[in-house]
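Residues: numbered from 1 along the sequence shown. What you are looking at is a predicted structure, and each value in this text was computed from that prediction instead of being measured.
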Amino acid sequence: MNTKRSDQAETARAGGRVRGGSLAPGGVVGDGRYRLLAQFGIDERAGAHLWRARDGQLRRDVALTLLVGDPADAESARLARRTLERAAHAAKFGHDGVARVLDVLSLGSGVTSGEGLLGVVVAEWTKGTDLVDVTAEEPVSPAVAARMVQALAAAVDRAHQSGLVLGLDHPQRLRVTPEGALRLAFPGPLPDATLRDDVKALGAVLYLLLTGRWALPGGPPAIPAAPHTPTGRIVPPHSLRPRVPAALSSLAVRTIEDGDHGGIRTSAAILRALDQAAEAEERTQFIKQVGPESEPEPDDGVWTTKKPVKDAARRRKLALGVTVLVVLAVGILAWLGMLAISFFQGDKAANGPNMNVAQTTTSAPPPPPASSAPPAPPAPAQGQFGDPAKPTGVTVYNPEGDGDNPGRARNVTDGDPGTVWKTEQYQQQFPKVKPGVGLIAAFDGEINLAQVKIAGATAGTKVEIRVADTKNAELADTRVVGSADINGDSADVTLQQPQKGRFFVVWITQLGGDDKKYSSQIGELTFLPAK
(Lines give C-alpha, C1' and ligand atoms only; values in the text may rest on other atoms or scores of the structure.)
Protein backbone atom coordinates (compact mmCIF):
# COMPACT_ATOMS: atom_id res chain seq x y z
CA MET A 1 0.00 0.00 0.00
CA ASN A 2 1.45 3.36 -0.95
CA THR A 3 1.78 6.33 1.39
CA LYS A 4 -1.02 8.34 -0.20
CA ARG A 5 -3.45 5.46 0.11
CA SER A 6 -2.41 4.94 3.74
CA ASP A 7 -3.04 8.62 4.48
CA GLN A 8 -6.36 8.39 2.70
CA ALA A 9 -7.41 5.33 4.69
CA GLU A 10 -6.40 6.98 7.98
CA THR A 11 -8.41 10.07 7.09
CA ALA A 12 -11.38 7.88 6.25
CA ARG A 13 -11.14 6.01 9.53
CA ALA A 14 -10.89 9.22 11.48
CA GLY A 15 -13.98 10.55 9.73
CA GLY A 16 -15.83 7.35 10.61
CA ARG A 17 -15.05 7.75 14.30
CA VAL A 18 -16.17 11.37 14.41
CA ARG A 19 -19.38 11.16 12.44
CA GLY A 20 -20.27 7.47 12.49
CA GLY A 21 -18.87 5.78 15.57
CA SER A 22 -20.27 2.34 14.62
CA LEU A 23 -18.68 2.38 11.19
CA ALA A 24 -15.70 0.04 11.34
CA PRO A 25 -14.62 -3.10 9.50
CA GLY A 26 -16.70 -5.99 10.78
CA GLY A 27 -19.67 -3.80 11.69
CA VAL A 28 -23.08 -4.40 10.16
CA VAL A 29 -25.64 -1.98 8.73
CA GLY A 30 -28.97 -2.26 6.96
CA ASP A 31 -30.73 -4.34 9.64
CA GLY A 32 -27.66 -6.57 9.88
CA ARG A 33 -27.59 -7.55 6.21
CA TYR A 34 -24.38 -5.79 5.13
CA ARG A 35 -21.08 -6.46 6.89
CA LEU A 36 -18.52 -3.68 6.39
CA LEU A 37 -15.20 -4.82 4.90
CA ALA A 38 -13.11 -1.75 4.01
CA GLN A 39 -13.60 1.97 3.65
CA PHE A 40 -12.60 3.61 0.38
CA GLY A 41 -13.17 7.28 1.08
CA ILE A 42 -15.42 10.02 2.40
CA ASP A 43 -17.29 12.68 0.44
CA GLU A 44 -17.46 15.27 3.22
CA ARG A 45 -19.82 17.49 1.24
CA ALA A 46 -22.66 15.01 1.79
CA GLY A 47 -21.39 13.09 4.80
CA ALA A 48 -21.13 10.11 2.45
CA HIS A 49 -18.86 7.28 3.63
CA LEU A 50 -17.84 4.91 0.83
CA TRP A 51 -17.47 1.26 1.82
CA ARG A 52 -17.02 -2.19 0.40
CA ALA A 53 -19.34 -4.60 2.19
CA ARG A 54 -20.56 -8.18 2.09
CA ASP A 55 -24.22 -8.90 1.42
CA GLY A 56 -24.99 -11.69 3.92
CA GLN A 57 -28.16 -12.76 2.15
CA LEU A 58 -26.91 -12.98 -1.42
CA ARG A 59 -23.28 -13.71 -0.46
CA ARG A 60 -21.69 -11.13 -2.73
CA ASP A 61 -19.66 -7.96 -2.29
CA VAL A 62 -21.40 -4.62 -2.77
CA ALA A 63 -20.51 -0.91 -2.72
CA LEU A 64 -22.22 1.09 0.00
CA THR A 65 -22.65 4.85 0.14
CA LEU A 66 -23.51 5.49 3.78
CA LEU A 67 -25.12 8.86 4.49
CA VAL A 68 -23.97 9.66 8.03
CA GLY A 69 -25.80 12.24 10.11
CA ASP A 70 -28.11 13.06 12.98
CA PRO A 71 -31.71 11.95 12.30
CA ALA A 72 -32.90 14.75 14.58
CA ASP A 73 -31.40 17.38 12.26
CA ALA A 74 -34.29 18.19 9.93
CA GLU A 75 -32.12 19.83 7.26
CA SER A 76 -29.64 16.94 7.13
CA ALA A 77 -32.50 14.46 6.91
CA ARG A 78 -34.09 16.45 4.06
CA LEU A 79 -30.86 16.55 2.05
CA ALA A 80 -30.32 12.83 2.62
CA ARG A 81 -33.84 12.08 1.36
CA ARG A 82 -33.11 14.08 -1.79
CA THR A 83 -29.89 12.14 -2.39
CA LEU A 84 -31.70 8.83 -1.92
CA GLU A 85 -34.47 9.89 -4.32
CA ARG A 86 -31.92 10.73 -7.01
CA ALA A 87 -30.11 7.45 -6.43
CA ALA A 88 -33.36 5.51 -6.70
CA HIS A 89 -34.11 7.29 -9.97
CA ALA A 90 -30.64 6.34 -11.26
CA ALA A 91 -31.38 2.67 -10.51
CA LYS A 92 -33.27 2.56 -13.82
CA PHE A 93 -30.14 3.61 -15.71
CA GLY A 94 -27.84 0.99 -17.14
CA HIS A 95 -24.36 1.62 -18.57
CA ASP A 96 -20.95 -0.04 -18.22
CA GLY A 97 -19.53 3.24 -16.92
CA VAL A 98 -21.82 3.29 -13.87
CA ALA A 99 -22.23 0.65 -11.16
CA ARG A 100 -25.82 -0.58 -11.08
CA VAL A 101 -27.83 0.59 -8.06
CA LEU A 102 -29.25 -2.49 -6.34
CA ASP A 103 -31.16 -0.94 -3.45
CA VAL A 104 -31.81 2.30 -1.60
CA LEU A 105 -32.40 2.20 2.16
CA SER A 106 -33.87 5.06 4.17
CA LEU A 107 -34.81 5.67 7.80
CA GLY A 108 -37.54 3.25 8.74
CA SER A 109 -36.95 1.21 5.59
CA GLY A 110 -33.80 -0.79 6.16
CA VAL A 111 -32.02 1.84 8.29
CA THR A 112 -32.55 2.37 12.01
CA SER A 113 -31.80 5.60 13.81
CA GLY A 114 -29.45 3.79 16.18
CA GLU A 115 -26.98 3.18 13.35
CA GLY A 116 -26.23 6.89 13.02
CA LEU A 117 -27.22 6.77 9.36
CA LEU A 118 -29.69 8.76 7.30
CA GLY A 119 -29.67 6.34 4.37
CA VAL A 120 -27.72 3.83 2.34
CA VAL A 121 -27.21 3.44 -1.42
CA VAL A 122 -26.33 -0.15 -2.35
CA ALA A 123 -24.58 -0.74 -5.69
CA GLU A 124 -22.82 -3.66 -7.33
CA TRP A 125 -19.14 -3.93 -6.46
CA THR A 126 -16.67 -2.74 -9.11
CA LYS A 127 -13.49 -4.79 -9.32
CA GLY A 128 -10.26 -3.01 -10.18
CA THR A 129 -8.27 -0.17 -8.63
CA ASP A 130 -9.04 3.13 -6.93
CA LEU A 131 -8.61 6.15 -9.16
CA VAL A 132 -6.58 7.72 -6.34
CA ASP A 133 -4.15 4.79 -6.40
CA VAL A 134 -3.76 4.98 -10.19
CA THR A 135 -2.47 8.55 -9.98
CA ALA A 136 -0.61 8.26 -6.66
CA GLU A 137 2.84 7.48 -8.08
CA GLU A 138 2.73 9.45 -11.33
CA PRO A 139 0.18 10.73 -13.85
CA VAL A 140 -0.81 8.49 -16.75
CA SER A 141 0.15 9.17 -20.36
CA PRO A 142 -1.97 11.76 -22.22
CA ALA A 143 -3.35 9.26 -24.75
CA VAL A 144 -4.41 6.81 -22.01
CA ALA A 145 -5.95 9.64 -19.96
CA ALA A 146 -8.03 10.81 -22.92
CA ARG A 147 -9.33 7.30 -23.61
CA MET A 148 -10.14 6.66 -19.94
CA VAL A 149 -12.18 9.85 -19.61
CA GLN A 150 -13.78 9.25 -23.00
CA ALA A 151 -15.40 6.04 -21.72
CA LEU A 152 -16.72 7.85 -18.63
CA ALA A 153 -17.96 10.75 -20.76
CA ALA A 154 -20.02 8.32 -22.84
CA ALA A 155 -21.84 7.24 -19.67
CA VAL A 156 -22.45 10.87 -18.68
CA ASP A 157 -23.76 11.71 -22.13
CA ARG A 158 -26.19 8.77 -22.07
CA ALA A 159 -27.40 9.72 -18.58
CA HIS A 160 -27.88 13.37 -19.49
CA GLN A 161 -30.00 12.38 -22.47
CA SER A 162 -32.31 10.74 -19.92
CA GLY A 163 -32.21 13.78 -17.65
CA LEU A 164 -30.13 12.03 -14.97
CA VAL A 165 -27.32 13.56 -12.93
CA LEU A 166 -24.68 10.98 -12.00
CA GLY A 167 -22.69 12.89 -9.38
CA LEU A 168 -19.14 11.83 -10.20
CA ASP A 169 -17.42 15.01 -8.98
CA HIS A 170 -15.40 13.26 -6.27
CA PRO A 171 -12.41 11.09 -7.21
CA GLN A 172 -12.96 8.49 -4.48
CA ARG A 173 -16.31 7.62 -6.01
CA LEU A 174 -14.52 6.39 -9.16
CA ARG A 175 -12.63 3.15 -9.81
CA VAL A 176 -10.62 1.84 -12.75
CA THR A 177 -11.83 -1.55 -13.98
CA PRO A 178 -9.42 -4.38 -14.87
CA GLU A 179 -9.96 -3.41 -18.51
CA GLY A 180 -8.67 0.12 -17.79
CA ALA A 181 -12.02 1.92 -18.00
CA LEU A 182 -13.23 4.52 -15.49
CA ARG A 183 -16.44 3.67 -13.66
CA LEU A 184 -18.65 5.47 -11.16
CA ALA A 185 -18.45 2.86 -8.39
CA PHE A 186 -20.33 4.70 -5.61
CA PRO A 187 -23.45 6.34 -7.09
CA GLY A 188 -25.28 8.95 -5.05
CA PRO A 189 -25.42 12.51 -6.49
CA LEU A 190 -25.49 15.45 -4.12
CA PRO A 191 -28.93 16.99 -3.56
CA ASP A 192 -28.07 20.14 -5.52
CA ALA A 193 -25.82 18.54 -8.20
CA THR A 194 -26.51 19.64 -11.79
CA LEU A 195 -25.74 18.42 -15.30
CA ARG A 196 -23.03 21.06 -15.47
CA ASP A 197 -21.40 19.58 -12.35
CA ASP A 198 -21.05 16.24 -14.15
CA VAL A 199 -19.36 17.94 -17.11
CA LYS A 200 -16.96 19.85 -14.86
CA ALA A 201 -16.18 16.57 -13.11
CA LEU A 202 -15.08 15.05 -16.43
CA GLY A 203 -12.61 17.91 -16.85
CA ALA A 204 -11.41 17.49 -13.26
CA VAL A 205 -10.86 13.74 -13.75
CA LEU A 206 -8.89 14.45 -16.94
CA TYR A 207 -6.83 17.06 -15.04
CA LEU A 208 -6.17 14.52 -12.27
CA LEU A 209 -4.99 11.84 -14.70
CA LEU A 210 -2.68 14.31 -16.45
CA THR A 211 -1.22 16.00 -13.34
CA GLY A 212 -2.06 14.00 -10.20
CA ARG A 213 -3.96 17.04 -8.82
CA TRP A 214 -7.67 17.67 -8.19
CA ALA A 215 -9.13 20.88 -9.61
CA LEU A 216 -12.58 21.05 -7.92
CA PRO A 217 -13.53 22.00 -4.35
CA GLY A 218 -14.19 19.28 -1.83
CA GLY A 219 -11.55 16.80 -2.93
CA PRO A 220 -9.97 14.31 -0.52
CA PRO A 221 -6.92 15.41 1.51
CA ALA A 222 -4.88 12.62 -0.06
CA ILE A 223 -4.81 14.43 -3.43
CA PRO A 224 -3.03 17.81 -3.84
CA ALA A 225 -5.22 20.63 -5.07
CA ALA A 226 -4.62 22.14 -8.50
CA PRO A 227 -2.64 25.40 -8.42
CA HIS A 228 -4.15 28.68 -9.58
CA THR A 229 -2.71 31.75 -11.28
CA PRO A 230 -2.73 35.16 -9.54
CA THR A 231 -5.91 35.97 -11.50
CA GLY A 232 -7.67 32.92 -10.08
CA ARG A 233 -7.57 30.71 -13.16
CA ILE A 234 -6.50 27.08 -13.00
CA VAL A 235 -2.89 26.49 -14.07
CA PRO A 236 -3.07 24.40 -17.27
CA PRO A 237 -1.73 20.83 -17.12
CA HIS A 238 0.78 21.68 -19.85
CA SER A 239 2.44 24.17 -17.50
CA LEU A 240 2.89 21.47 -14.86
CA ARG A 241 3.87 18.69 -17.30
CA PRO A 242 5.25 20.04 -20.58
CA ARG A 243 4.68 16.70 -22.33
CA VAL A 244 0.91 17.10 -22.06
CA PRO A 245 -0.35 18.24 -25.50
CA ALA A 246 -1.62 21.81 -25.53
CA ALA A 247 -5.00 20.77 -26.96
CA LEU A 248 -5.64 18.23 -24.19
CA SER A 249 -4.43 20.68 -21.54
CA SER A 250 -6.78 23.36 -22.82
CA LEU A 251 -9.66 20.88 -22.97
CA ALA A 252 -9.32 20.03 -19.27
CA VAL A 253 -9.28 23.69 -18.20
CA ARG A 254 -12.11 24.78 -20.53
CA THR A 255 -14.30 21.97 -19.21
CA ILE A 256 -13.75 22.90 -15.57
CA GLU A 257 -13.87 26.68 -15.71
CA ASP A 258 -17.00 28.78 -15.90
CA GLY A 259 -17.08 32.26 -17.38
CA ASP A 260 -16.22 33.67 -20.78
CA HIS A 261 -13.20 31.50 -21.57
CA GLY A 262 -14.70 29.45 -24.37
CA GLY A 263 -15.74 26.79 -21.88
CA ILE A 264 -17.23 23.40 -22.70
CA ARG A 265 -20.72 23.03 -21.26
CA THR A 266 -22.12 19.70 -22.44
CA SER A 267 -21.05 16.07 -22.20
CA ALA A 268 -21.55 15.64 -25.96
CA ALA A 269 -19.06 18.44 -26.66
CA ILE A 270 -16.36 17.03 -24.38
CA LEU A 271 -16.96 13.55 -25.82
CA ARG A 272 -16.22 14.83 -29.34
CA ALA A 273 -13.21 16.83 -28.15
CA LEU A 274 -11.80 13.87 -26.24
CA ASP A 275 -12.13 11.62 -29.25
CA GLN A 276 -10.23 14.10 -31.42
CA ALA A 277 -7.57 14.67 -28.74
CA ALA A 278 -7.05 10.94 -28.15
CA GLU A 279 -6.71 10.21 -31.87
CA ALA A 280 -4.28 13.10 -32.35
CA GLU A 281 -2.10 12.01 -29.42
CA GLU A 282 -2.09 8.36 -30.52
CA ARG A 283 -1.16 9.42 -34.04
CA THR A 284 1.69 11.55 -32.70
CA GLN A 285 3.03 8.69 -30.59
CA PHE A 286 2.77 6.31 -33.55
CA ILE A 287 4.75 8.68 -35.79
CA LYS A 288 7.43 9.04 -33.12
CA GLN A 289 7.71 5.27 -32.74
CA VAL A 290 7.78 4.18 -36.41
CA GLY A 291 8.86 7.31 -38.27
CA PRO A 292 12.10 6.96 -40.31
CA GLU A 293 13.88 9.65 -38.36
CA SER A 294 12.21 9.21 -34.98
CA GLU A 295 14.27 9.95 -31.88
CA PRO A 296 13.51 9.75 -28.14
CA GLU A 297 11.77 12.80 -26.80
CA PRO A 298 14.17 15.14 -24.96
CA ASP A 299 13.96 15.11 -21.18
CA ASP A 300 12.90 18.75 -21.03
CA GLY A 301 9.71 17.94 -22.92
CA VAL A 302 10.48 20.35 -25.79
CA TRP A 303 10.50 18.62 -29.19
CA THR A 304 13.11 19.81 -31.68
CA THR A 305 14.06 18.45 -35.10
CA LYS A 306 17.61 19.84 -35.26
CA LYS A 307 19.42 17.05 -33.49
CA PRO A 308 17.50 14.17 -35.15
CA VAL A 309 18.12 15.59 -38.62
CA LYS A 310 21.83 16.07 -37.87
CA ASP A 311 22.14 12.52 -36.53
CA ALA A 312 20.21 11.10 -39.45
CA ALA A 313 22.56 12.77 -41.96
CA ARG A 314 25.56 11.38 -40.10
CA ARG A 315 24.03 7.90 -40.19
CA ARG A 316 23.41 8.13 -43.95
CA LYS A 317 27.03 9.19 -44.61
CA LEU A 318 28.33 6.41 -42.43
CA ALA A 319 26.18 3.80 -44.20
CA LEU A 320 27.37 5.04 -47.61
CA GLY A 321 31.04 4.86 -46.52
CA VAL A 322 30.63 1.32 -45.21
CA THR A 323 28.98 0.24 -48.46
CA VAL A 324 31.86 1.65 -50.55
CA LEU A 325 34.44 -0.11 -48.35
CA VAL A 326 32.60 -3.44 -48.67
CA VAL A 327 32.45 -3.15 -52.48
CA LEU A 328 36.19 -2.30 -52.67
CA ALA A 329 37.08 -5.22 -50.39
CA VAL A 330 35.09 -7.67 -52.51
CA GLY A 331 36.77 -6.35 -55.67
CA ILE A 332 40.28 -6.73 -54.23
CA LEU A 333 39.58 -10.27 -53.04
CA ALA A 334 38.23 -11.23 -56.46
CA TRP A 335 41.35 -9.76 -58.18
CA LEU A 336 43.68 -11.68 -55.81
CA GLY A 337 41.74 -14.85 -56.47
CA MET A 338 42.10 -14.47 -60.21
CA LEU A 339 45.89 -13.92 -59.82
CA ALA A 340 46.19 -17.10 -57.74
CA ILE A 341 44.30 -19.18 -60.29
CA SER A 342 46.41 -17.78 -63.11
CA PHE A 343 49.63 -18.51 -61.19
CA PHE A 344 48.81 -22.16 -60.46
CA GLN A 345 47.56 -22.80 -63.98
CA GLY A 346 50.80 -21.36 -65.45
CA ASP A 347 52.96 -23.42 -63.05
CA LYS A 348 51.11 -26.58 -63.99
CA ALA A 349 51.71 -26.10 -67.74
CA ALA A 350 55.45 -25.36 -67.31
CA ASN A 351 56.51 -28.10 -64.89
CA GLY A 352 55.61 -31.45 -66.40
CA PRO A 353 52.79 -33.93 -66.42
CA ASN A 354 49.51 -33.69 -64.54
CA MET A 355 49.41 -34.89 -60.94
CA ASN A 356 46.51 -36.90 -59.55
CA VAL A 357 45.83 -34.89 -56.44
CA ALA A 358 43.02 -37.18 -55.30
CA GLN A 359 45.46 -40.10 -55.05
CA THR A 360 48.12 -38.31 -53.06
CA THR A 361 45.90 -36.64 -50.42
CA THR A 362 45.06 -38.40 -47.18
CA SER A 363 43.46 -35.52 -45.30
CA ALA A 364 39.87 -36.08 -46.46
CA PRO A 365 37.78 -39.24 -46.97
CA PRO A 366 36.56 -40.09 -50.44
CA PRO A 367 33.27 -38.51 -51.41
CA PRO A 368 30.18 -40.71 -50.94
CA PRO A 369 28.59 -42.34 -53.95
CA ALA A 370 26.16 -40.16 -55.83
CA SER A 371 23.31 -42.46 -54.97
CA SER A 372 23.83 -42.29 -51.16
CA ALA A 373 21.41 -40.10 -49.17
CA PRO A 374 22.27 -37.99 -46.13
CA PRO A 375 21.57 -39.68 -42.82
CA ALA A 376 18.02 -39.07 -41.57
CA PRO A 377 17.60 -37.12 -38.34
CA PRO A 378 16.42 -39.09 -35.34
CA ALA A 379 12.65 -39.49 -35.43
CA PRO A 380 10.73 -37.74 -32.62
CA ALA A 381 8.99 -39.87 -30.04
CA GLN A 382 5.56 -40.84 -31.26
CA GLY A 383 2.45 -41.60 -29.26
CA GLN A 384 3.55 -39.75 -26.12
CA PHE A 385 0.61 -37.32 -26.07
CA GLY A 386 -3.00 -37.60 -27.06
CA ASP A 387 -5.19 -35.03 -28.76
CA PRO A 388 -5.45 -31.65 -26.97
CA ALA A 389 -8.05 -31.53 -24.21
CA LYS A 390 -10.36 -28.50 -24.45
CA PRO A 391 -11.23 -26.86 -21.11
CA THR A 392 -14.85 -26.00 -20.43
CA GLY A 393 -13.63 -22.70 -19.06
CA VAL A 394 -10.54 -20.73 -18.06
CA THR A 395 -10.68 -18.09 -15.33
CA VAL A 396 -8.17 -15.96 -13.48
CA TYR A 397 -6.82 -17.61 -10.33
CA ASN A 398 -5.82 -15.20 -7.58
CA PRO A 399 -6.59 -16.53 -4.07
CA GLU A 400 -5.58 -13.23 -2.41
CA GLY A 401 -8.12 -10.97 -4.13
CA ASP A 402 -9.61 -9.90 -7.44
CA GLY A 403 -8.12 -11.41 -10.55
CA ASP A 404 -6.06 -9.58 -13.15
CA ASN A 405 -8.09 -8.79 -16.29
CA PRO A 406 -10.67 -11.57 -15.81
CA GLY A 407 -12.53 -10.54 -18.96
CA ARG A 408 -9.56 -11.62 -21.11
CA ALA A 409 -8.99 -15.06 -19.61
CA ARG A 410 -11.01 -16.73 -22.37
CA ASN A 411 -8.47 -15.47 -24.94
CA VAL A 412 -5.99 -18.20 -24.02
CA THR A 413 -8.16 -20.99 -25.49
CA ASP A 414 -9.61 -19.27 -28.57
CA GLY A 415 -7.03 -20.79 -30.94
CA ASP A 416 -5.36 -17.44 -31.67
CA PRO A 417 -2.04 -16.68 -29.87
CA GLY A 418 -2.44 -13.05 -30.94
CA THR A 419 -5.36 -12.51 -28.56
CA VAL A 420 -3.84 -12.51 -25.10
CA TRP A 421 -4.54 -12.40 -21.39
CA LYS A 422 -2.35 -9.96 -19.47
CA THR A 423 -1.59 -9.46 -15.82
CA GLU A 424 -1.82 -6.03 -14.30
CA GLN A 425 1.35 -3.95 -14.35
CA TYR A 426 3.13 -4.09 -10.98
CA GLN A 427 5.78 -1.83 -9.53
CA GLN A 428 7.37 -4.72 -7.62
CA GLN A 429 8.30 -8.22 -8.72
CA PHE A 430 6.61 -11.34 -7.37
CA PRO A 431 6.66 -12.51 -4.64
CA LYS A 432 7.28 -9.11 -2.98
CA VAL A 433 3.87 -7.72 -3.92
CA LYS A 434 2.05 -11.08 -3.74
CA PRO A 435 2.88 -14.78 -4.30
CA GLY A 436 1.73 -14.76 -7.90
CA VAL A 437 -1.28 -14.84 -10.20
CA GLY A 438 -2.44 -17.25 -12.85
CA LEU A 439 -5.17 -19.01 -14.78
CA ILE A 440 -7.15 -22.08 -13.80
CA ALA A 441 -8.55 -24.40 -16.46
CA ALA A 442 -11.56 -26.58 -15.69
CA PHE A 443 -12.45 -29.73 -17.63
CA ASP A 444 -15.73 -31.63 -17.95
CA GLY A 445 -14.18 -34.78 -16.59
CA GLU A 446 -10.88 -35.99 -15.25
CA ILE A 447 -7.95 -35.90 -17.71
CA ASN A 448 -4.48 -37.40 -17.41
CA LEU A 449 -2.41 -34.29 -18.18
CA ALA A 450 1.13 -34.78 -19.49
CA GLN A 451 2.15 -31.44 -21.04
CA VAL A 452 1.03 -27.79 -21.25
CA LYS A 453 2.06 -25.72 -24.26
CA ILE A 454 2.30 -21.97 -23.66
CA ALA A 455 2.37 -19.61 -26.67
CA GLY A 456 2.40 -15.82 -27.09
CA ALA A 457 4.02 -15.37 -23.67
CA THR A 458 6.32 -12.74 -22.18
CA ALA A 459 10.03 -13.56 -21.96
CA GLY A 460 11.35 -13.67 -18.42
CA THR A 461 8.15 -15.15 -17.03
CA LYS A 462 8.38 -18.14 -14.70
CA VAL A 463 5.41 -20.49 -14.41
CA GLU A 464 4.33 -23.50 -12.42
CA ILE A 465 1.70 -26.04 -13.40
CA ARG A 466 -0.40 -26.94 -10.39
CA VAL A 467 -3.23 -29.41 -9.95
CA ALA A 468 -6.20 -28.44 -7.77
CA ASP A 469 -9.10 -30.42 -6.35
CA THR A 470 -11.63 -27.59 -6.72
CA LYS A 471 -11.99 -24.44 -8.79
CA ASN A 472 -11.64 -22.18 -5.74
CA ALA A 473 -8.88 -24.11 -3.98
CA GLU A 474 -6.44 -22.22 -1.77
CA LEU A 475 -2.89 -22.02 -3.13
CA ALA A 476 -1.60 -24.15 -0.25
CA ASP A 477 -4.03 -26.90 -1.27
CA THR A 478 -2.67 -27.14 -4.84
CA ARG A 479 0.31 -29.28 -5.89
CA VAL A 480 3.17 -28.28 -8.20
CA VAL A 481 3.55 -30.87 -10.97
CA GLY A 482 5.73 -28.96 -13.44
CA SER A 483 7.54 -25.66 -14.01
CA ALA A 484 9.33 -23.68 -16.72
CA ASP A 485 11.22 -20.46 -17.40
CA ILE A 486 9.91 -18.75 -20.53
CA ASN A 487 12.93 -17.40 -22.39
CA GLY A 488 11.31 -16.66 -25.75
CA ASP A 489 7.62 -16.30 -26.45
CA SER A 490 6.65 -19.94 -25.84
CA ALA A 491 7.40 -22.93 -23.66
CA ASP A 492 6.42 -26.59 -23.42
CA VAL A 493 5.95 -27.60 -19.81
CA THR A 494 6.21 -31.38 -19.57
CA LEU A 495 4.95 -32.67 -16.26
CA GLN A 496 7.25 -34.79 -14.11
CA GLN A 497 4.72 -37.55 -14.65
CA PRO A 498 1.14 -37.48 -16.01
CA GLN A 499 -1.33 -36.12 -13.46
CA LYS A 500 -5.02 -36.88 -13.27
CA GLY A 501 -7.40 -34.08 -12.39
CA ARG A 502 -10.18 -31.71 -13.46
CA PHE A 503 -8.59 -28.40 -12.47
CA PHE A 504 -5.11 -27.25 -13.51
CA VAL A 505 -3.48 -23.92 -12.66
CA VAL A 506 -0.90 -22.10 -14.78
CA TRP A 507 0.66 -20.11 -11.92
CA ILE A 508 3.02 -17.18 -12.65
CA THR A 509 5.71 -16.88 -9.96
CA GLN A 510 7.85 -14.28 -11.75
CA LEU A 511 6.74 -11.54 -14.12
CA GLY A 512 8.48 -10.24 -17.19
CA GLY A 513 9.71 -6.65 -17.47
CA ASP A 514 11.80 -4.51 -15.14
CA ASP A 515 12.20 -1.04 -13.62
CA LYS A 516 8.85 -0.99 -11.75
CA LYS A 517 6.98 -2.14 -14.86
CA TYR A 518 6.46 -5.84 -14.30
CA SER A 519 3.78 -7.72 -16.23
CA SER A 520 3.31 -10.89 -18.24
CA GLN A 521 0.95 -12.15 -20.90
CA ILE A 522 -0.16 -15.51 -22.27
CA GLY A 523 -1.58 -15.89 -25.76
CA GLU A 524 -2.61 -19.54 -25.91
CA LEU A 525 -2.66 -22.60 -23.66
CA THR A 526 -2.82 -26.16 -25.01
CA PHE A 527 -3.38 -29.07 -22.62
CA LEU A 528 -2.05 -32.42 -23.85
CA PRO A 529 -3.04 -35.58 -21.98
CA ALA A 530 -0.95 -38.72 -21.93
CA LYS A 531 -1.86 -41.22 -24.61
Side-chain angles (χ1 to χ4, degrees), residues 63 86-87 89-102 123-132 134-135 139-190 193-210 214-216 237 244-245 247-256 263-283 405-408:
R86 299 187 108 180
H89 192 39
K92 305 173 184 178
F93 177 71
H95 193 280
D96 289 342
V98 180
R100 185 165 55 94
V101 175
L102 303 175
E124 61 183 348
W125 177 248
T126 300
K127 294 182 178 180
T129 308
D130 287 358
L131 175 58
V132 174
V134 170
T135 59
V140 303
S141 70
V144 172
R147 288 301 183 197
M148 290 174 68
V149 179
Q150 187 181 26
L152 189 63
V156 173
D157 188 50
R158 180 79 62 82
H160 287 189
Q161 291 176 15
S162 304
L164 293 175
V165 177
L166 294 182
L168 44 83
D169 53 346
H170 193 281
Q172 290 176 331
R173 289 182 180 266
L174 301 173
R175 288 176 63 79
V176 181
T177 69
E179 291 74 30
L182 278 169
R183 195 180 200 213
L184 176 60
F186 296 93
L190 299 180
T194 64
L195 300 179
R196 172 64 180 142
D197 290 328
D198 277 349
V199 176
K200 294 174 71 172
L202 292 173
V205 172
L206 178 60
Y207 194 102
L208 174 64
L209 291 170
L210 295 173
W214 185 247
L216 291 178
V244 175
L248 203 59
S249 175
S250 175
L251 174 62
V253 174
R254 290 171 56 208
T255 305
I256 299 169
I264 295 177
R265 299 288 186 270
T266 66
S267 55
I270 192 174
L271 192 57
R272 290 193 298 270
L274 280 169
D275 187 49
Q276 295 171 359
E279 288 184 357
E281 177 62 13
E282 288 169 355
R283 186 165 53 249
N405 295 318
R408 299 183 182 180

* Please assess Trp214 against Val205 for the test side-chain contact (heavy atoms from CB on, under 4.5 Å), listing each intermediate value before the final yes or no. => CA-CA 8 Å; Trp214 185 247; Val205 172; 4.2 Å; yes

* What are the two closest non-hydrogen atoms of Val253 and Pro237, and how far apart are they? -> CG2-CD, 3.8 Å

* Could you verify whether a donor N or O on one side chain and an acceptor N or O on the other, from Thr126 and Arg183, lie under 3.5 Å apart? => yes

* Spacing of OG belonging to Ser267 relative to CZ belonging to Arg272, to within rounding of 0.5 Å -> 9.5 Å

* **Point-to-point distance, once rounded to the nearest 0.5 Å, from CG of Leu182 to CG of Asp96** => 13.0 Å

* To do: Taking the side chain as every heavy atom from C-beta outward, state whether Leu131 and Leu209 have any atom pair closer than 4.5 Å.
  => yes

* **Between CG on residue Leu195 and OG1 on residue Thr266, distance to nearest 0.5 Å** => 10.5 Å

* Side chain proximity check, Leu210 to Pro142, heavy atoms < 4.5 angstrom -> yes

* To do: Using a 4.5 Å cut-off on heavy atoms from C-beta on, say whether the side chain of Gln172 contacts that of Val132.
  => yes

* If we only count heavy atoms from C-beta on, is the Pro171 to Asp130 side-chain gap below 4.5 Å? -> no

* Could you walk me through whether His160 and Val199 pass the side-chain contact (heavy atoms from CB on, under 4.5 Å) test, one step at a time? => CA-CA 10 Å; His160 287 189; Val199 176; 4.1 Å; yes

* CA sep, side-chain torsions, deciding dist, call: Lys200, Thr255, side-chain contact (heavy atoms from CB on, under 4.5 Å) -> CA-CA 6 Å; Lys200 294 174 71 172; Thr255 305; 5.7 Å; no

* So, for His95 and Ala155, which heavy atoms are closest and what is the spacing to 0.1 Å? -> ND1-CB, 3.4 Å

* Residue pair Arg100, Phe93: steps toward the side-chain contact (heavy atoms from CB on, under 4.5 Å) verdict -> CA-CA 8 Å; Arg100 185 165 55 94; Phe93 177 71; over 6 Å; no

* Asked: Using a distance-only test with no angle check, is there a side-chain donor-acceptor pair under 3.5 angstrom linking Arg147 and Gln150?
  -> yes

* From Trp125 atom CH2 to Arg175 atom CZ, the distance as rounded to the nearest 0.5 Å -> 4.0 Å

* To do: Mind listing the closest non-hydrogen atom pair of Arg265 and Arg196 along with its distance?
  => NH1-NH2, 3.7 Å

* With a 4.5 Å heavy-atom cut-off, do Val156 and Ile270 have their side chains touching? -> no

* To do: Considering non-hydrogen atoms only, spot the tightest contact between Leu152 and Gly97 and give its length.
  => CD1-O, 4.0 Å

* **Asp169 side chain near Asp198 side chain, heavy-atom distance below 4.5 Å** => no

* Structure fact -> Ala63 and Ala185 have their tightest heavy-atom pair at CB-O, 3.5 Å

* Leu168 versus Ala201, closest heavy-atom pair with distance -> CD1-CB, 3.1 Å

* Asked: What distance separates Leu166 CG from Arg86 CZ, expressed to the nearest 0.5 Å?
  -> 10.0 Å

* Does Arg173 reach the side chain of Leu184, with side-chain heavy atoms less than 4.5 Å apart? -> yes

* Validation row: Met148, Val176 side chains within 4.5 angstrom (heavy atoms) -> yes

* Please round to the nearest 0.5 Å and tell me the distance separating atom CG of Leu208 and atom OG1 of Thr135. => 4.0 Å

